[in-house]
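Right, one structure below, let's go through it.
Remember, predicted model here, so these are calculated numbers, not experimental data.
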Protein chains: 2
Amino acid sequence: MESPILATDVVVFNIRKWKLKVLLIKMNKEPFVWLWALPGWFIWEKELCLDAAHRILYEASSVSDLYIEQLKVFDAIDRDPKARIVSIAHMAIIKKDDLSIKTNDSYSDIAWFSVDELPVMAYDHLDIIKYWLERLEWKVTYSTLSLSLMPEKFTLSELQSVFEIVLKKDLDKRNFRKKLLKSWVIEDTGEKKTIGIPRPASLFRAINKDLEFVDLL
Amino acid sequence: MESPILATDVVVFNIRKWKLKVLLIKMNKEPFVWLWALPGWFIWEKELCLDAAHRILYEASSVSDLYIEQLKVFDAIDRDPKARIVSIAHMAIIKKDDLSIKTNDSYSDIAWFSVDELPVMAYDHLDIIKYWLERLEWKVTYSTLSLSLMPEKFTLSELQSVFEIVLKKDLDKRNFRKKLLKSWVIEDTGEKKTIGIPRPASLFRAINKDLEFVDLL
DNA sequence: CCAAAAGTGTTTTTGCTACACCCATGG
DNA sequence: CCATGGGTGTAGCAAAAACACTTTTGG
């Protein structure tokens, strides 16, 4: 009995310098030498798909502190020209700014790309990213996923800009603050961010570290 | 290199006699002889997951005219006691009332069950059904999935009862009609349903056969 | 005192909810 | 003329959207 081989590809993302960014690796193996791709690898026989995603990211970047969730199965027959491989795509959020980049046998480079300046990519990885972008807009609106993108403490303006970057539109400052405070997913730490010229901003933190489903906007 | 074996299990559903029903098959093979289960089988190497779902349903019930979509991957390590099998769960809508039931080597029986009177089930199929029920509530509210459950022509009251069954709550008749007519997903055929004692009801039809995302309720 | 971002309320508009009666038909 | 479900409108309320000025700080 023959079955497709199972793999996973992971969309690791973050917001850096006011841009939504994705982590890509540069392949140095056939069949797509020199093309960029999502980090991905095979799933072992006795391994959970989620664990496989964690393992792959750890191997690619030594990062293990992240939130991962399943996205969708990508299974076009010819998505991999060499073999019949079905991929379970995941999305992962990295908080830390510093990720120690590694390269190994299969990767010659690893880097962050803005979603509106993506390079030519291997396999169907562009499809995966497009699918994830749609899902992301929805998730940011209806869950506390946005908070997973923030550092431990953050200002309301910083949080608002995350929404604006993901949703690609401006939001009203007063309405935004009202809704977020009313939804009880963040709390005032009492501290102020006092490292700038303008008036110090209150620092907030997420009340719950886990992802919750809440209608935020 | 070892990879899990890929399979798919399909939640085939419908509304019959004012109940939300799922199609289950009775296994006559190890490891769950005499238990009920979702129709499911392995995915062949050169086959799309969606095609596999269609094939399985055709083999189980000779039905091919249905809408199928991917649900989620179920991959608990011990979900199958005999082998490492990862299942890509799908949901499928059958419209026709008459499905010619078949049994074969692996199935000794096939039948519809109400979702609130489910039998003891094999594998993690109860988890799959529970997950699907959550998703279904959402899909009915935010897409035209409900229309796929209707025959070619239907009355507004019939459509309303589909919502009420899936959402497990009563809806206001006037508000329901206003919202549905305002969302431009159905149109009046001009015909009337004249087979009863009460006043004849207008028959509507779906404007678009494909699934659309619309906020209906 | 100037630049820069923080912070704050009210009004208007919109959409949702709740609610009760008359209508058309077949027997 | 009766039983049965079909069909219709409005008023009140709550949430969303629109909108502009004052405050705090460092230089």
Side-chain angles (χ1 to χ4, degrees), chain A residues 15 17-18 137-138 140-143 146 150-151 153-205 213-217, chain B residues 15 17-18 137-138 140-143 146-147 150-151 153-165 167-205 213-217:
Chain A
I15 291 186
K17 298 186 186 156
W18 316 109
E137 285 198 30
W138 186 87
V140 152
T141 309
Y142 295 108
S143 80
S146 54
M150 307 305 293
K153 295 168 187 174
F154 53 86
T155 70
L156 282 178
S157 299
E158 286 163 357
L159 183 58
Q160 184 178 340
S161 77
V162 166
F163 279 85
E164 291 177 331
I165 290 164
V166 171
L167 301 177
K168 289 168 287 183
K169 65 180 179 194
D170 291 343
L171 300 172
D172 181 87
K173 202 206 297 187
R174 280 171 289 191
N175 293 338
F176 178 81
R177 295 164 103 89
K178 264 182 283 180
K179 278 186 218 164
L180 260 104
L181 293 171
K182 201 170 52 180
S183 60
W184 302 109
V185 295
I186 55 174
E187 62 186 359
D188 199 325
T189 60
E191 298 170 56
K192 300 275 177 185
K193 183 176 193 175
T194 45
I195 35 156
I197 301 167
R199 175 173 175 178
S202 294
L203 287 166
F204 288 79
R205 83 162 69 82
F213 291 89
V214 196
D215 195 343
L216 285 188
L217 292 191
Chain B
I15 291 185
K17 299 185 186 158
W18 315 109
E137 285 198 29
W138 186 87
V140 152
T141 309
Y142 295 107
S143 81
S146 53
L147 302 179
M150 307 305 294
K153 295 168 187 174
F154 52 86
T155 70
L156 282 179
S157 299
E158 287 162 357
L159 182 58
Q160 184 178 339
S161 77
V162 166
F163 279 85
E164 290 177 332
I165 291 164
L167 301 177
K168 289 168 287 182
K169 66 181 179 194
D170 291 344
L171 299 172
D172 181 87
K173 202 206 296 186
R174 279 171 289 190
N175 294 338
F176 178 82
R177 296 165 103 89
K178 263 181 285 179
K179 278 186 218 166
L180 260 104
L181 293 172
K182 200 171 51 179
S183 59
W184 303 109
V185 295
I186 54 175
E187 62 187 357
D188 200 325
T189 60
E191 300 171 54
K192 301 275 179 184
K193 182 176 192 175
T194 44
I195 36 157
I197 301 166
R199 176 175 174 179
S202 293
L203 287 166
F204 288 79
R205 84 162 70 83
F213 291 89
V214 196
D215 194 343
L216 286 187
L217 292 190

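Between C:dA5 and A:S157, no contact under 4.0 Å exists linking OP1 or OP2 to a side-chain N or O. Between C:dA6 and A:S202, no contact under 4.0 Å exists linking OP1 or OP2 to a side-chain N or O. A sub-4.0 Å separation between OP1 or OP2 of D:dA20 and a side-chain N or O of A:K173 is absent. Checking the phosphate oxygens (OP1, OP2) of C:dT25, no side-chain nitrogen or oxygen of B:K193 falls inside 4.0 Å. Proximity of A:R177 to the phosphate of C:dG7: a side-chain N or O atom is located under 4.0 Å from OP1 or OP2.
Considering only the side chain of B:R174, C:dA20 comes nearest among D:dA20, D:dG5, C:dA20.
The separation between B:D170 atom CG and C:dC19 atom P is 14 Å, rounded to whole Å. B:F204 has its CZ atom 11 Å from the C1' atom of D:dG6, to the nearest Å. Between A:D188 atom CG and C:dG7 atom P there is a gap of 9 Å when expressed in whole angstrom units. Taking atom CG of B:D172 as the reference point, atom P of C:dC21 lies 15 Å away to the nearest angstrom. The distance from atom CG of A:L216 to atom P of D:dA16 is 12 Å, rounded to the nearest whole Å. For B:F176 and D:dG6, the CZ to C1' distance is 14 Å, given to the nearest whole Å. The interatomic distance linking A:L159 (CG) with C:dA6 (C1') rounds to 15 Å, in whole Å. Rounded to a whole Å, the CD atom of A:E158 is 15 Å from the C1' atom of C:dA4.
Tested against A:S146, the residues A:V185, A:I15, A:T141, A:L216 include a single side chain to side chain contact (heavy atoms under 4.5 Å, CB included) partner, A:L216.
Separation of atoms CG (A:L203) and CD (A:E187) is listed at 12.5 Å; rounding is to 0.5 Å.
Residues B:L156 and B:I186 have side chains in contact (heavy-atom distance under 4.5 Å, counting atoms from C-beta outward). Counting heavy atoms from C-beta outward, A:F204 and A:L181 have side chains that approach closer than 4.5 Å.
Counting only distance, with no hydrogens or angles, the side chain of B:E158 and the backbone of B:M150 share no donor-acceptor pair below 3.5 Å.
Residues satisfying the salt bridge (charged side-chain N to carboxylate O under 4.0 Å, His left out) test with A:E191, not counting sequence neighbours, are A:K153.
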Close N or O pairs between protein and nucleotides 10-15 of chain D (under 3.5 Å):
unit_1: D:dT10; atom_1: O4; unit_2: B:K178; atom_2: NZ; d: 2.8

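Classified by interplanar angle (parallel below 30°, tilted 30° to 60°, perpendicular above 60°), the ring pair B:W138/B:F213 is tilted.
Residue side chain B:R199 does not reach the base of C:dA24 through any donor-acceptor N/O pair under 3.5 Å, judged by distance alone.
DNA chain C is contacted by both B:L217 and A:K192; A:K192 maps to the nucleotide lying nearer its 5′ end (nearest heavy atom per residue).
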